[in-house]
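Here is the structure we will look at, set down as structure tokens.
Fair warning: this is a prediction, and the values are worked out from it, not measured in the lab.
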Amino acid sequence: MTADTSARSARISPLAGWNPSLPPGLSVRELPFLTQLTLRAEPGTPAAGAVEGYLGYTLPGPNTARLGAGVEALWLGPDEWLLVADPDRAGELVAGLRAAIGDAFATVTDTSAQRTVLSLSGALLPDVLAHGCALDLAPRSAPEGSCHTTLLAQAGVTLVVREQGPAGPREVRLLVRSSFAGYLAAWLTDACAEYQEDTEPVTYAEER
């Protein structure tokens, strides 16, 4: 128990110490160490049904996410989802899902270390994203719960719209590979330069 606790406390997030100067219309937080499980299963099969029974909801379809649950599900492909939960739940969830699946054919893999998560919100969010993302994020095209694997400033991300406003998203989450997190953070800071005012900078807050 002591060794496990020490290992958790020693973890360093990909953006530890990042303290950007952002305009008042944009807030960025890293959500480090979230549990992330990659699920592979054919829709409509007993395995997928077992997973849905364990989660308590139907797995989302193309370009959508199931948000607001204790374990959220993001659609990544025809037979692939990313299950996202609070930190340090991987062991519990992997064991529970594998027990539910039993002998049916599906895979559940802990991929928590592959990515970090950025939460972006604010009135400037649609304008900032437009600098580097070709997706149409207008409400009619990207309602709340939309989930797209795309490029932002040439970095691969999974973009999830969590709150939509009349002019575009008010809150999104970006899941980016840990090795690209520093690059994406630097790009976000640079993309905000034209919106900067002579005001006290918004500070970065890390959520544990």
Between Pro32 and Pro87, which heavy-atom pair has the shortest distance, and what is it? O-CG, 4.1 Å
Test item: Leu129 and Leu137 side chains (from C-beta on) under 4.5 Å apart, heavy atoms: yes
Apart from Val71 itself, what residues make up its hydrophobic cluster when side-chain heavy atoms of I, L, V, M, F, W and Y under 4.5 Å apart count as a link, directly or indirectly? Leu37, Leu39, Val51, Tyr54, Leu55, Tyr57, Leu59, Trp75, Trp81, Leu83, Leu93, Val94, Leu97, Ile101, Val108
From CG (Leu74) to OG1 (Thr149), nearest 0.5 Å: 8.5 Å
Closest contact, heavy atoms only, Ala106 versus Ala41: CB-CB, 3.9 Å
Quick one: which residue pairs count as a salt bridge (charged side-chain N to carboxylate O under 4.0 Å, His left out) with a foot in residues 98-119, not counting sequence neighbours? none
Check whether any side-chain N or O of Thr35 sits under 3.5 Å from a backbone N or O of Arg89 as a donor-acceptor pair, and report yes or no. yes
State the CZ-CG distance between Arg173 and Leu34, to the nearest 0.5 angstrom. 7.0 Å
Could you check whether any side-chain heavy atom of Pro166 comes within less than 4.5 Å of a side-chain heavy atom of Arg170, counting everything from C-beta outward? yes
Please name the pair of heavy atoms, one in Pro60 and one in Ala73, separated by the smallest distance, quoted to 0.1 Å. CG-O, 3.5 Å
Between Leu22 and Ser27, is there a side-chain heavy-atom distance shorter than 4.5 Å? no
Identify the two heavy atoms, one from Pro169 and one from Val161, that lie closest to each other, and give their separation to 0.1 Å. CB-CG1, 4.2 Å
So, the side chain of Ser112 versus the backbone of Gln36: is there a donor-acceptor pair under 3.5 Å, distance only? yes
Is there a side-chain contact between Val157 and Thr150 (heavy atoms, below 4.5 Å)? yes
Within the structure provided, determine whether Thr189 and Val28 are in side-chain contact (heavy-atom separation under 4.5 Å). no
Can you give me every donor-acceptor pair (side chain of residues 116-126, partner residue at least two apart or in another chain, under 3.5 Å) with its distance?
unit_1 : atom_1 : unit_2 : atom_2 : d
Thr116 : OG1    : Glu30  : OE2    : 2.6

Applying side-chain hydrogen bond (donor to acceptor under 3.5 Å, both in side chains) between Arg40 and each of Thr107, Thr109, Asp79, report the one that passes. Asp79
Any heavy-atom pair between the side chains of His131 and Trp187 that's under 4.5 Å? yes
In Å and rounded to the nearest 0.5 Å, what is the OG to CZ distance from Ser146 to Arg162? 12.5 Å
Reported CG-to-CD distance for the pair Leu175 and Gln114, which is rounded to 0.5 angstrom: 11.0 Å
Of all heavy-atom pairs between Gly70 and Ala85, which one has the smallest distance, and what is that distance? O-CB, 3.7 Å
Any idea which heavy atoms bring Val128 and Ala191 closest together, and the distance? CG1-CB, 4.2 Å
How many angstroms lie between OG in Ser179 and CG in Leu184, if you round to the nearest 0.5 Å? 11.5 Å
When rounded to the nearest 0.5 Å, the distance separating CD of Gln154 from OH of Tyr183 is 6.5 Å
Take Leu26 and Tyr195 through the test side-chain contact (heavy atoms from CB on, under 4.5 Å) and record every step on the way to the result. CA-CA 10 Å; Leu26 184 69; Tyr195 307 106; over 6 Å; no
